[in-house]
Structure formats: C-alpha cells, structure tokens
Amino acid sequence: MKALLLIDIQNDFVPGGALAVAGGDAIVTLANQLQPHFGLVVATQDWHPAGHGSFASSHPGRQPFEQGELHGLPQTLWPDHCMQGTPGAEFVAGLDQHRIEAIFRKGTDPAIDSYSGFFDNGHRKSTGLADYLRGRGVTAVYLAGLAADFCVYFSALDALQQGFAVYFVEDATRAISPEGYQQARTDLLERGARFVTTAEVNA
Ligand code: VGL
Ligand code: ZN
C-alpha cells in the first residue's frame, strides 16, 4: 500500500508567508492532483509555540537565516513562523483537505526543532507517524510539500530509515536553497530514494 505524505503545505511557506519558499504556491494544484491516486493521504503541520527555540527572535542579537545552536545541535535560526493557531500555520486554502485522514503536528517542543514528520531533529521523540503508516499497511511513501531541502528531505530520510520505499515527487516540492536541495537530492539518491514527477505518479 502506498501513502501520500503532504509535508507542511502551510501559509507561512508560500509567497506572502513568514518563511516563504519561492514558487511554493505552485505545488498546491499538484498536491491536489496526486491525492486520488493514493489509498491513504496524511499531512504534516509545522506547529510551533510562540518563542520557539528555532526562531531567531528567541536568540538575542541573532538574525533569521544565521546558524545558531539548539539542544546541542546546529540550528538554522528562522523567522517566526507556523505559530500554533495563527493564519500562517494553517494549510494553504487551495489545498484539498477532504482526503487527509491524519495530521501529524511537529515542532511543538520549544527546546528542539523538528524538520521530519517522523522524529525531532535529535531523533529523541517520535510523532508516531511510522507506526501509524505500518498499522495501515503502508510500504511505500510518496512525499510532496515544503520545503524540499528541509522538512521534505528530513521526512524522506526518516522514511528510508524506517524501511519504507521512498518516492520524492520532485515537481510537487520547492526548496528554500537550490544548493541545499542539490545536496539533499544526491544524498537521498545514494540512500535509495526515487525521484518521480506528478505526471508519472498519476499515469
Ligand atoms: C521548515 C524550516 C523551519 C519546513 C519548517 O517545513 O521545511 N523549514 N521549519
Ligand atoms: Zn518550523
């Protein structure tokens, strides 16, 4: 059984949002077109409390996109984004939500960031996503969403590590950094992920 994982398709990650990914709005139509081809559709939602440790604003004197540290791990410091209950944290209005069976929220612990939909960045706490998928008989996951070089990438890495076949729907993602994405892509290919297009999936 194959599942579609829609990663962080939220207002703050599309143009006009607090951590806008260039072209992020262009993936919404593709995410909608993919959904009917899957027996299970699951979404993740970046869901930070105010004052989250990944926000530059929580580190006096530091600016967004600088490198910092959080929980003993290197941490990109981000603009305030996806704060719980704010419009920026909501799914993009054009995203078809009626097929989404479960939503896994992440980044809720102020002391650690969580790019992957499966685990926090220290791999300490699980969201339960892997067990949920296994419980539904899922063996392959297809990933779409934002951002390709952060939350989609780290979700793909964890999915591989958890033993799922991983398909990265490349035209249904956009990256924050082109260079970061090329590294992520090479890494995923080496680890056995496959890159596909929406047209191939829907054929
Ligand atoms: C993300 C940076 C910070 C993402 C989330 O969804 O890719 N990136 N929080
Ligand atoms: Zn975040």
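These numbers come from a predicted model, not from an experiment. As the structure lists them, so they are numbered: ligands from 1, and atoms in each ligand from 1.
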Item to complete: Any chance you could measure H81, atom NE2, to T86, atom OG1, to the nearest 0.5 Å?
Response: 10.0 Å

Worksheet item: Of the protein's non-hydrogen atoms, which lies at the shortest distance from atom 5 (C) of ligand 1, and what is that distance?
Response: D46 OD2, 3.1 Å

Item to complete: Have a look at D8 and tell me which of R174, K106, R105 forms a salt bridge (Lys or Arg N to Asp or Glu O under 4.0 Å) with it.
Response: K106

Worksheet item: Between F104 and W47, is the ring centre distance below 6.0 Å?
Response: no

Worksheet entry | Row check, Y167 ring normal vs K2 NZ/CZ: under 6.0 Å, within 45° | no

Worksheet item: Looking at the Zn ion (ligand 2), which N/O/S atom of D46 is the nearest one?
Response: OD2

Practice prompt. Confirm or rule out an N/O/S atom of D113, from backbone or side chain, lying less than 2.8 Å from the Zn ion (ligand 2).
Written response: no

Worksheet entry | Evaluation steps, side chain to side chain contact (heavy atoms under 4.5 Å, CB included), between I103 and T44 | CA-CA 5 Å; I103 297 167; T44 66; over 6 Å; no

Worksheet, complete the sentence: Nearest non-hydrogen protein atom to atom 8 (N) of ligand 1, with distance, is F150 CB, 3.9 Å

Discussion item. I need the R185 CZ to Y153 OH distance, nearest 0.5 Å.
Written reply: 13.0 Å

Worksheet item: Among all protein non-hydrogen atoms, which one is nearest to atom 7 (O) of ligand 1, and what is the separation to 0.1 Å?
Response: A147 N, 2.9 Å

Worksheet item: Counting from 1, what ligand 1 atoms have a heavy atom of L146 closer than 4.0 Å?
Response: 4 (C), 6 (O), 7 (O)

Worksheet item: H81: heavy atom below 4.0 Å from ligand 1, yes or no?
Response: yes

Fill in: Sub-4.0 Å atoms of ligand 1 with respect to non-hydrogen atoms of C151
1 (C), 4 (C), 5 (C), 6 (O), 7 (O)

Practice prompt. Have a look at the Zn ion (ligand 2) and estimate, to 10 degrees, the angle subtended by NE2 (H48) and NE2 (H81).
Written response: 90°

Worksheet item: Hey, which atoms in ligand 1 end up nearer than 4.0 Å to a heavy atom of D8?
Response: 4 (C), 6 (O)

Worksheet item: Quick one: does F13's side chain get under 4.5 Å of F150's, heavy atoms only?
Response: no

